[in-house]
Every structure is written in structure tokens, then in C-alpha cells.
Amino acid sequence: MIPVPKGRFLAPAHPPSRLAISARTRALGRLLLALSLLLGGSGAFQANPAPPAAGKKSPTRSVVLITVEGLRPDYLSCYGKGRGKPTPRIDELAPESLVFEQPVSPSVSSLPALATVFTGKTPFEHQVWDDMYRNRLGEKEITLAEQLKAKGYRTGAFLGTSRAAPGRGFDQGFEMYQDGYVRAPTGKWSLALRPSQAVMSGVRSWMEGISGEPFFLWVHFVDPTVPGPGTPDQVATDLEKAYVERLGQLDVQVGALLDLLKQRKDYESLTIVLTADHGFGLGEHGESRAGVFLYEGTLRVPLILRAPASGLEKGTRVAGLSGLIDLYPTLAHLLGLPPARGLSGRDLLGPAPGAPSSYHATALFGRETFGWEGREALSQGKWRLILGKQTELYDVSSDPGEARNLGSSLPDEVSRLRAALQSLRGGASIPAAHFQVGPVPAEPAGKQLKLLGMTPPTLEKALARSLPNPDQFRDSLVLLEEMALRWEVFGSKVFAKIQEPLLKADPQALFTLVGLGAINITAGEEGLKKARDLLRTAQEIYPLESEVYHQLGHLAMAEQKKGEASQKTQPQQKTESDPKKKTVAKAPPGKLEKLMCMRGTEDEHARI
């Protein structure tokens, strides 16, 4: 955090608030998807803008950062790939900007990528690894927004998703921060998603209060990732058609934003960036969204940088490999920010590096949601090395579809890239899955588990299980990935009509066992039996997963109520005690659920 300088007004002129939208817009918004990211760059620039003359203050320039969740460059017509429909409004930026051809993201999940954009650090440094509620950007991190606010900039952020909700650290430095989240009457958290029209409504209102002051505006859209039409028991099937249609809607709203900016007197000097947090799977390698694999479709992002102050020729295209981690140092150079320590990226407008730059990436969504093995990758020049159960090596320049794995035929190249990957790690390691690190239940809870016929968990047991290879679930990814999204937005009720297909897709998936267990607790006597079996299976496979015990607590309460109701309906019969008969220990009434509920309420987790 950057402390507010003495004498500055602490209360923002425009206090943070939730954007009020109509019921119809809110209903549409709930159908939308998750957060987005920021930029990347490329490294073939030779030009290096001259520093300002001694004693001359660098001019203050406003900056607009547009990030889009899941935006693929090959579906933008300005990238010349010929896929989808024309995107004329986004294309307007390209002739007056620098277009980077090969930026890659540090993660195929939104929050880690966004954290890298705002700090210039890798996930090993900022420690945001996935989109789960356990991840937050620490207050010790100094963000781009904080740097600019300290220089006197007005700062506003308008997001189409609540994935980066206030309290998760991404609001640091913003005087106005809107993500569309409205707390439910039940107190339960769910993912809020808003269409770009609703996001732009907030942008317009805020911009009306910005006159001649320099400003930093972050706009995050999620439209392209919204699934197409489906039913409660049938997911959308035409992935590409829905993606292209949503992209058309996005293009219109990006155009509306550009029109709004062109009305300003400072437009000619305005720095504008358009990028994405990660790409999006449209069936390649079986992936229908993003988060499980690390192939070109989900790892590559667009990066369009309108930088009048750079002095570089407009419309320049940069073919070299770059990364989102390079965006922070590049913007810091353009905006005259003081050099920050510990940045892992490079200034894309500076001299080209002497050696090929390397970029690390992770895919942990499949691990944290389904309980599968995570993946990590290294991109360097034309090569991409992917590490998992199987080592994969691709020459992306000649094989952009990554169909020919060269891992076994080029062992020396694999060894060289592995060494480069270890160097990027700097001795750090990717943390274990959340369900493998605890906390271990307290001793009283362990005793209650024994009474229920379950084995008390240990850290050794949690770490002993080998996580399954996600490759074996490629045929089921369309179903599993979309249902995981619906679960975040609508809760466990979405599982009601699709239980058997989910169990068939992967009977041991974490979110399936917990989600189906939760909805069956209230489904009568048969439901209780099914919930018991599902949750005991989950406890055996994921012994340190707190949500399992949270739902076991609900199950215990439901069974206790059922037992009490049954006793009230049966006539009381006196029985003589047998002194020879052993007494079986029972859990004290009313205590079991307290011992089992080791997780806080949903609302507590929504507040992080």
C-alpha cells in the first residue's frame, strides 16, 4: 500500500458504490462470466524513447486500460487471422497503436494474470495463484493504480465481474471501484456478472466528473466468455457461434468507450491499452473455457498499445514473444513513474533483449475445482514446454495447433528449457492444492469422525494421493467447465437435473462430490442417504478440504432433526437395561455440527 501524502483529502470525491441496474439487466448480467486480466507485450523494439531534458518535468498523461476476459487475438480482425466476424471498433485502435503479435499470460485464470498486470510481478512473487476465494493481492504490493493516485491521478475501475471483489486487493489505489456485486438476502456469495452495457453506464457517470485532471481508468469486460443458450440439464454446444456473437456485442461497447474518450480535449495524448487476462478454449484439446490446459488458444492474448508519447511509428507490429508481465514496466516508463524494485518484466519500448525472453505460466483451475493435476509451462522463442504427467514440447511457429509433441524426440531441448524454467522460479515452488495443505481438524473433530465411521485426516494422507491426469477428462470438459461456472453464479441448485452425467464424467471430482452432496441433504430420506455416501467419499479423497466438513455439518444437523422427528411419531416403550450390554459412545446432541463446521459462513468468505 502507498500511504496518502499529508495534506491530501482522504475521502474520495466519488465514494465507491455498487452500480444500480435494472432487474432485467441484472438477470442478464448473472449469465456472464469472470474477470479479466491485463496486458502483455513483445520484445522486438529497438527504439528507446529519450528521457525528458534535465530540469524538465515529464508531462502527465492519462491512461485507459481495457481488459477483456477470455479475449483471443485470432478472433480480432485487426490481427488478420480471418476467424469470426469483423471487429471494426476494436480495429480502429490498431492503425494508431503498437500491435504486439505474441503476448502470453502468466496464468489461464483471471486473478493471477490481473495481479501480474498491476504489480509487474510473477505469481511466485505476488502469491495470487488462482480464482478461488483463498487468493488475494496483499496490501504490501504496490499497484499501478496506487502509483498513479499518489501522483495526483483520479482513479476509477469498472468491472463486469465480482471475481476481483473489494477485499481481494485489486481495489487498492482506486477511488471508485464498481464490480456489480449486490449481497444476497441469504448472505451467500455468488459470482456477479454484468454485460458491457451495464459496465459502460458506470464509466459514463464517472467520466462526467473528470474534467482536466489526469486519470487512470480500468474497464474490464467479460462478454465473450458467456456461454450460449442451454438448459438446466444440457450445456451449450455451439461454443464458437456463441463466442463470436458475444464478441460482436463487446466490439460495440468498446466503440462506445472510444467515442466517449474522443470527446475529451486530451484524447490526442491519451494512452490506451487493450488486452486480455487469458485466452479461451473453443474445443481445441478438448477445452471449452480456460483454466485446465496451457495451449495456444488459452495462453495467447492480444495487446494493443496506443502510446502517443512513445515517439514510435503508429501501426507498428511487433512479432517477438512478450508477456503480460511486461505491461507494468512499459506503462511506468511511458507515464514517468519512478523505477520500482523487484519487477520481473521488461519495458517493451526499450532495446530488444540480447537473449530470448522466457515466460512462465500455470493452469491450476482444474486442480482447485476438480481435484486434477495442475500444469505449468515455459514459452521461449518458438518453443513451448508444458510439464505435467507427460512432458510436452511444441514448436509453436510451425505447429500453432500444438498437434506434434516433440518432447521425446528432442530431449536436449527439453532439458535446456527445464533449466530456464527453474531459473524463472528463483528457487520458489507452486504451492500444493488447498485440499492438501489443511488445516488438519482439531482432536475433538477427529473423535467425532471416528464415531461416524470415517478416518480422521492427516497431512500425510492428503499429500499421498496422486492427482489424476486431466487428459483423461478431455471428452467431459465441456460439461464440467460450464457447470463449474453455473455453480459459481447460481449455486448448487444447478446440479439438480444433471447429477448422473456429472458423476459419469468424473465420479471423484471435488466440486461434483461436494455440490451433489449439498443439494441431496434436503432431498428427503433417499437424498440424505445419497448425500452421506457422496460426502464420505469426498472426505476419503479430500481429507483436508474444509467445504467437505462444512457440508458434513449440515448433513449431521439434517439427520439429527430427522431422528428427533421420528422419535416424536413413535410411542415410547419402557425397556430394562442389561448390565452386561456395552454402552456405545454417541456424539453429544447439538455438538456434532459445531465440531464439523470447520469452515466459516459463505458471507465471511465473500468478505475474504
Side-chain angles (χ1 to χ4, degrees), residues 33-37 68-75 81 83-84 104-113 130-132 222 224-228 230 235-244 246-247 276-302 361-377 379 384-390 392 394 396 399-405 467-488 501-502 505-506 509-512:
L33 203 180
L35 175 8
S36 131
L37 89 81
V68 184
E69 171 130 11
L71 182 60
R72 290 176 56 144
D74 54 342
Y75 278 79
K81 302 299 181 181
R83 295 188 179 186
V104 290
S105 177
S107 172
V108 285
S109 293
S110 289
L111 296 189
D130 57 71
D131 291 341
M132 302 293 283
V222 299
T225 60
V226 181
V235 299
T237 54
D238 198 335
L239 303 174
E240 186 176 36
K241 180 180 178 181
Y243 186 83
V244 170
R246 305 294 189 195
L247 187 53
D277 51 354
H278 52 72
F280 198 72
L282 293 173
E284 302 98 332
H285 300 276
E287 190 151 32
S288 62
R289 302 195 67 78
V292 176
F293 298 123
L294 289 167
Y295 298 111
E296 191 77 346
T298 56
L299 200 54
R300 181 67 55 86
V301 297
T362 57
L364 301 180
F365 167 78
R367 188 186 76 175
E368 301 300 309
T369 304
F370 306 121
W372 303 338
E373 172 199 51
R375 294 283 168 90
E376 66 177 318
S379 298
R384 175 163 299 135
L385 176 70
I386 303 174
L387 300 180
K389 286 278 193 298
Q390 178 187 20
E392 300 174 67
Y394 300 100
V396 182
D399 180 23
E402 292 157 303
R404 298 185 297 275
N405 181 6
L467 303 184
N469 186 345
D471 288 338
Q472 68 188 81
F473 305 108
R474 289 178 189 263
D475 293 341
S476 304
L477 271 181
V478 173
L479 171 67
L480 292 169
E481 288 186 314
E482 184 171 326
M483 293 309 297
L485 171 64
R486 293 191 191 189
W487 182 32
E488 285 190 289
L502 283 173
D506 179 9
L510 174 59
F511 98 118
T512 298

Taking all non-hydrogen atoms of both residues, which atom of [X] and which atom of [Y] are closest, and how far apart?
X	Y	result
Ala505	Leu479	CB-CD2, 4.2 Å
Met132	Asp130	N-OD1, 2.8 Å
Gly84	Val244	CA-CG2, 3.8 Å
Ala361	Leu299	CB-CD1, 3.6 Å
Val301	Gly279	CG1-N, 4.0 Å

For [X], which residues count as a side chain to side chain contact (heavy atoms under 4.5 Å, CB included) partner, sequence neighbours excluded?
X	answer
Ser109	Ser107, Pro112, Asp131, Phe365
Glu284	Arg72, Arg83, Leu282
Thr298	Val108, Glu287, Ala290
Pro470	Val292, Phe293, Trp372, Glu373, Arg375

Practice item. For Phe511, check ring pair (Phe, Tyr, Trp, His ring centres under 6.0 Å) against everything at least two apart and list the hits. Key: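 Phe511 satisfies ring pair (Phe, Tyr, Trp, His ring centres under 6.0 Å) with Phe370, Trp487, Phe495 only.
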
Review point. When you check the side-chain N and O atoms of Glu481 and Ser288, is any donor under 3.5 Å from an acceptor?
Key: yes

Practice item. Check the pair Leu71 / Phe280 against side chain to side chain contact (heavy atoms under 4.5 Å, CB included), numbers first and verdict last. Key: CA-CA 7 Å; Leu71 182 60; Phe280 198 72; over 6 Å; no

Point to revise | Derivation of the side chain to side chain contact (heavy atoms under 4.5 Å, CB included) call for Glu376 and Ile386 | key: CA-CA 6 Å; Glu376 66 177 318; Ile386 303 174; over 6 Å; no

Practice item. Evaluate the criterion side chain to side chain contact (heavy atoms under 4.5 Å, CB included) for residue pair Leu480 and Leu502; output intermediate values, then yes/no. Key: CA-CA 7 Å; Leu480 292 169; Leu502 283 173; 3.9 Å; yes

Practice item. Assess whether atom NZ of Lys389 is packed by more than 12 heavy atoms of other residues, nucleotides or ligands within 6.0 Å. Key: yes

Treating [X] as the side-chain partner and [Y] as the backbone partner, does any N or O pair qualify as donor plus acceptor under 3.5 Å?
X	Y	result
His285	Gly401	yes
Asn469	Gln472	no
Thr369	Gly366	no

Practice item. Only counting residues at least two apart or in another chain, list the ones meeting salt bridge (charged side-chain N to carboxylate O under 4.0 Å, His left out) with Arg384. Key: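 Glu296, Glu402.
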
